[in-house]
Amino acid sequence: YDLECAGTLSDRLLHNTSIEEAISQLELDLSGMQTALQARNAADTPKLAGLQKADGGWGWCFSDNSDPWISGQALLALTRATELGYEVDAAVINSGADYLRGQLQPVNRLGDASEVNRQAFFIYVLAAAGDDVADDADALVAEHRALLDPYAKALLALAYEANGAAGDNQDALLTDLNDEVVMSATG
């Protein structure tokens with residue numbers, strides 16, 4: 001498969017920007033690794049941005065069509081890259097967010113956990129990209145909190161945090177996560 005397609009580039013960029021940020025925040029003495037990551041991230045960021053389709057999304061290596069999951073991952077990767085100072089045209093982020101916003105479904109049309117979790121991921125990505133998603137998150141929590149898997153609850157809690165919208169729903173999600181923790185004899 002093509003290592004320069006949206007799926008592989010966004011996956012690599014998400015991982016590498018996370019590692020680059022961790023090295024910096026933790027003040028680790030890994031200058032060689034950090035330099036290599038910066039070079040890779042500086043090369044991957046424009047490549048990924050350049051693979052955006054006319055509708056604002058990104059697609060699989062073998063397809064001319066945009067895919068919502070790949071688009072969410074690509075938008076998140078490019079958002080993370082901009083947070084670290086890599087240049088991404090605002091039009092790419094805005095168009096990607098528009099595409100992803102178009103993938104959100106009315107909560108009363110979501111039928112199962114996979115659809116609810118997908119919606120939570122999209123809401124999180126949009127929050128990371130700077131959208132105000134508190135109303136969308138509130139609607140999803142109100143309608144489908146019981147269907148949310150733990151990772152989706154965590155993503156929604158982070159979306160609330162990104163929007164500065166901490167409140168009852170974020171508290172409820174964090175309580176749910178706490179209640180779902182399985183403690184062992186070793187802690």
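Remember, it's a predicted structure, so these values are computed and weren't measured experimentally.
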>> Taking the ring centre of each residue, are Trp58 and Tyr99 less than 6.0 Å apart?
In response: no
Can you confirm whether [X] is buried at [atom1], in the sense that more than 12 heavy atoms of other residues, nucleotides or ligands lie under 6.0 Å from that atom?
{"X": "Glu180", "atom1": "CD", "answer": "yes"}
{"X": "Asp168", "atom1": "CG", "answer": "no"}
{"X": "Asp179", "atom1": "CG", "answer": "yes"}

Inter-residue atom distance [X].[atom1] - [Y].[atom2], 0.5 Å rounding:
{"X": "Ile19", "Y": "Arg40", "atom1": "CD1", "atom2": "CZ", "value": "12.5 Å"}
{"X": "Leu156", "Y": "Glu161", "atom1": "CG", "atom2": "CD", "value": "13.0 Å"}
{"X": "Ile123", "Y": "Arg101", "atom1": "CD1", "atom2": "CZ", "value": "12.0 Å"}
{"X": "Leu26", "Y": "Glu21", "atom1": "CG", "atom2": "CD", "value": "9.5 Å"}
{"X": "Lys153", "Y": "Asp176", "atom1": "NZ", "atom2": "CG", "value": "3.5 Å"}
{"X": "Leu13", "Y": "Leu76", "atom1": "CG", "atom2": "CG", "value": "9.5 Å"}

Can [Y] be reached from [X] by stepping across I, L, V, M, F, W or Y side chains whose heavy atoms are under 4.5 Å apart?
{"X": "Val107", "Y": "Leu100", "answer": "yes"}
{"X": "Val88", "Y": "Val125", "answer": "yes"}
{"X": "Leu174", "Y": "Val181", "answer": "no"}
{"X": "Leu177", "Y": "Leu155", "answer": "no"}
{"X": "Leu75", "Y": "Leu84", "answer": "no"}

> Under the side chain to side chain contact (heavy atoms under 4.5 Å, CB included) criterion, do Gln119 and His144 qualify, and how do the steps go?
Replying inline: CA-CA 11 Å; Gln119 185 105 333; His144 295 295; over 6 Å; no
>> Run the side chain to side chain contact (heavy atoms under 4.5 Å, CB included) test on Leu147 and Leu110 for me, step by step, so that the C-alpha distance in whole Å, both residues' side-chain angles and the decisive distance to 0.1 Å come before the verdict.
In response: CA-CA 10 Å; Leu147 288 177; Leu110 300 173; over 6 Å; no
Output yes when a side-chain donor or acceptor of [X] lies under 3.5 Å from a complementary backbone atom of [Y], and no otherwise.
{"X": "Asn117", "Y": "Asp149", "answer": "yes"}
{"X": "Asp67", "Y": "Trp60", "answer": "no"}
{"X": "Ser10", "Y": "Gly7", "answer": "yes"}
{"X": "Asn163", "Y": "Ala165", "answer": "no"}
{"X": "Ser95", "Y": "Val92", "answer": "no"}

Side chains of [X] and [Y], donor plus acceptor under 3.5 Å:
{"X": "Tyr86", "Y": "Glu20", "answer": "yes"}
{"X": "Asp171", "Y": "Tyr160", "answer": "no"}
{"X": "Gln105", "Y": "Glu115", "answer": "no"}
{"X": "Ser66", "Y": "Asp55", "answer": "yes"}

At their closest point, which heavy atom of [X] faces which heavy atom of [Y], and how far apart are they?
{"X": "Ala6", "Y": "Leu51", "answer": "N-CD1, 3.5 Å"}
{"X": "Ile70", "Y": "Gly59", "answer": "CG2-O, 3.8 Å"}
{"X": "Ser63", "Y": "Asn65", "answer": "OG-N, 3.0 Å"}
{"X": "Lys53", "Y": "Asp64", "answer": "CD-O, 3.2 Å"}
{"X": "Gln52", "Y": "Gly96", "answer": "NE2-N, 3.3 Å"}
{"X": "Gln170", "Y": "Ala157", "answer": "NE2-O, 2.9 Å"}

> Heavy-atom distance under 4.5 Å between the side chains of Gln73 and Asp11, does that happen here?
Replying inline: yes
> Is any NZ, NE, NH1 or NH2 atom of the basic residue among Arg80 and Glu83 found under 4.0 Å from an Asp or Glu carboxylate oxygen of the other?
Replying inline: yes
>> Could you check whether Glu4 pairs with Arg12 (Lys NZ or Arg NE/NH1/NH2 to Asp/Glu carboxylate O, under 4.0 Å)?
In response: yes
>> Does the plane of the ring in Phe121 sit parallel, tilted or perpendicular to the ring in Trp69? Use 30° and 60° as the thresholds.
In response: parallel
> For Leu104 and Leu126, what are the C-alpha separation, side-chain angles and deciding distance, and is it a side chain to side chain contact (heavy atoms under 4.5 Å, CB included)?
Replying inline: CA-CA 10 Å; Leu104 294 177; Leu126 288 167; 3.8 Å; yes
> So Leu148 and Leu173, side chain to side chain contact (heavy atoms under 4.5 Å, CB included) or not? Walk me through it.
Replying inline: CA-CA 9 Å; Leu148 290 164; Leu173 293 168; 4.1 Å; yes
